[in-house]
Engineer: 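Take a look at the following structure, please.
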Number of protein chains: 2
Amino acid sequence: MTTPDKLLAAAAEMLATEGLTGLSARSVAARAGVNQALVFYHFGSVAELVEAALRRSADLAVATYRNRFDDVTSFTELLTLGRELHATERDRGNVAQMAQVMSGALRDATLARAGRYALTQWTRQIEVVLGRLLAGSPLRGLVEPAGLARAVAASFLGLELYEGVDPEGATSAMAALESLGNLLEMVDGLGPVGTRAVRGQVRKAARTAAKRA
Amino acid sequence: MTTPDKLLAAAAEMLATEGLTGLSARSVAARAGVNQALVFYHFGSVAELVEAALRRSADLAVATYRNRFDDVTSFTELLTLGRELHATERDRGNVAQMAQVMSGALRDATLARAGRYALTQWTRQIEVVLGRLLAGSPLRGLVEPAGLARAVAASFLGLELYEGVDPEGATSAMAALESLGNLLEMVDGLGPVGTRAVRGQVRKAARTAAKRA
DNA sequence: GTCTATACAGAGATAGAC
DNA sequence: GTCTATCTCTGTATAGAC
């Protein structure tokens, strides 16, 4: 394992467990078992090390799930995958890394770039699946796959923050999101008559909402 | 305006604009126009100042919206309020403050306590409304108000992080969430026959999901 | 590429004069 | 309650020996 690799691994680990505030050139080098000056030699700055670490984590994580996403054929399956993903990534800390970097993005342009990149990797993937599922659903045309994918990603990020201060609360939130997913699945299971009714009703609700806004 | 008040105001402002990393005893005192040592005299530590500032912000914000929440009688109205709330709080920075504190909660127990408190203030309020709306809805019993309230809060937090790195993406995510809200409204508008059908279908979807998990 | 040494800025926090 | 002064630690970053 080369020094850059050790530093990247240590940075990713610390980002998830200690957070951005606990991560410094000294602390990350100590965890990697290398000298502090090597952070600057290999990456230029702490922020750039963090950026590289997050990019690598995101690339790796998304690649891991690519096939799984491709196999999804229903909202129920997507939910099952989402639940599994949430549990796995809570342990691996990928989402936590993203949340930390994005909270630091307020001050640091490099971190903002890193967060944007990681987010894009995830949403692209989710968007493809949602686009496929929505295309064959009564909801087609009523909800944008791109927007919904971003909303899903945002929810996962928020759940991660939630989990840090109230784990049980986060669990109940996850359960509620699954209930909503079941609602989507229900709509999906309607016949042609139900479909027409749904589309009409949702359009009406949208119009009412637009009028009030 | 007393010194503690000046410090609380400065801390809240900085939390939203500069983030937790940019907030120090020195920087916050400078913005408040007071001496740095007064942070420790009045609050004991920087973390405790942040905690006090967030608590005050949360109390104030929730009190502002209390009546508005009470007036809500439909999911569509709740969505309209949610959109307005998101826009207003994006400017005031209340949600941003929460997100920052919660991201720092990983390292600091005081910040974790503060984040938990602010979160509770919001979710309690949302839970009441959702409980009321769901009670008279076909979805009654199928989705927990408490869990859904937490999911809504988490989504707002996630959107805040999203907004920091990709404002247009966050807007499209918000739009998608509104589409889902319209779906809820649609279900709400069904008659007794449709209600029975919905409940049966959702239960079936939930069973299928449970089996696969 | 890696290490030691070091410069220097900013952090949290306290003591003591006023 | 407020200010100055100061201690100590930790942060980023660089220079130069090896």
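A, B, ... follow the sequence lines: proteins, then strands. Residue 1 opens every chain.
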Engineer: Enumerate all atom pairs, one protein N or O and one N or O from nucleotides 11-18 of chain D, separated by less than 3.5 Å.
Structural biologist:
| residue | atom | partner | partner atom | Å |
| --- | --- | --- | --- | --- |
| D:dG11 | OP1 | A:S24 | OG | 3.1 |
| D:dG11 | N7 | A:R26 | NH1 | 2.5 |
| D:dT12 | OP2 | A:A25 | N | 2.6 |
| D:dT12 | O4 | A:R26 | NH1 | 3.1 |
| D:dA13 | N7 | A:Q36 | OE1 | 3.0 |
| D:dA13 | N6 | A:Q36 | OE1 | 3.3 |
| D:dA13 | N6 | A:Q36 | NE2 | 3.0 |

Engineer: Rounded to the Å, how far apart are A:R107 CZ and C:dG10 P?
Structural biologist: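 The distance from CZ of A:R107 to P of C:dG10 comes to 11 Å, rounded to the nearest Å.
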Engineer: Taking atom P of D:dG1 as reference, at what distance in whole Å does atom CZ of B:F43 sit?
Structural biologist: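 The answer, rounded to whole Å, is 11 Å.
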Engineer: Name the residue from A:L54, A:L157, A:L111 that meets the side chain to side chain contact (heavy atoms under 4.5 Å, CB included) definition with A:M102.
Structural biologist: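 When side chain to side chain contact (heavy atoms under 4.5 Å, CB included) is applied between A:M102 and each of A:L54, A:L157, A:L111, only A:L157 qualifies.
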Engineer: Rounded to the nearest 0.5 Å, what separates atom CG in B:L148 from atom CG in B:L139?
Structural biologist: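 Between B:L148 CG and B:L139 CG, I get 9.5 Å after rounding to 0.5 Å.
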Engineer: Nearest 0.5 Å, please: how far is OH in A:Y65 from CG in A:D71?
Structural biologist: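 Those atoms lie 14.0 Å apart.
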Engineer: Tell me the interatomic distance from B:L7, atom CG, to C:dG12, atom P, rounded to whole angstroms.
Structural biologist: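 My rounded result for the distance is 13 Å.
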Engineer: Only one of B:L142, B:V129, B:V143 passes side chain to side chain contact (heavy atoms under 4.5 Å, CB included) with B:L134; say which it is.
Structural biologist: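 One option only clears the test, and that one is B:V143.
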Engineer: Could you give the NZ-to-C1' distance, from A:K6 to C:dT2, as a whole number of Å?
Structural biologist: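 So the two atoms are 11 Å apart, to the nearest Å.
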Engineer: What is the distance from CG of B:L38 to C1' of D:dT2, rounded to the nearest Å?
Structural biologist: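 The distance from CG of B:L38 to C1' of D:dT2 comes to 5 Å, rounded to the nearest Å.
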Engineer: Tell me the interatomic distance from B:L20, atom CG, to C:dG12, atom C1', rounded to whole angstroms.
Structural biologist: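 Whole-Å distance recorded here is 14 Å.
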Engineer: Please check if the side chain of B:Q36 supplies one atom and the backbone of B:A25 the other of a donor-acceptor pair under 3.5 Å.
Structural biologist: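 Between the backbone of B:A25 and the side chain of B:Q36 there is no qualifying donor-acceptor contact (under 3.5 Å).
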Engineer: Is it true that the side chains of A:E51 and A:T110 contain a donor and an acceptor less than 3.5 Å apart?
Structural biologist: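 Checked: A:E51/A:T110 side chains show no N/O donor-acceptor pair below 3.5 Å.
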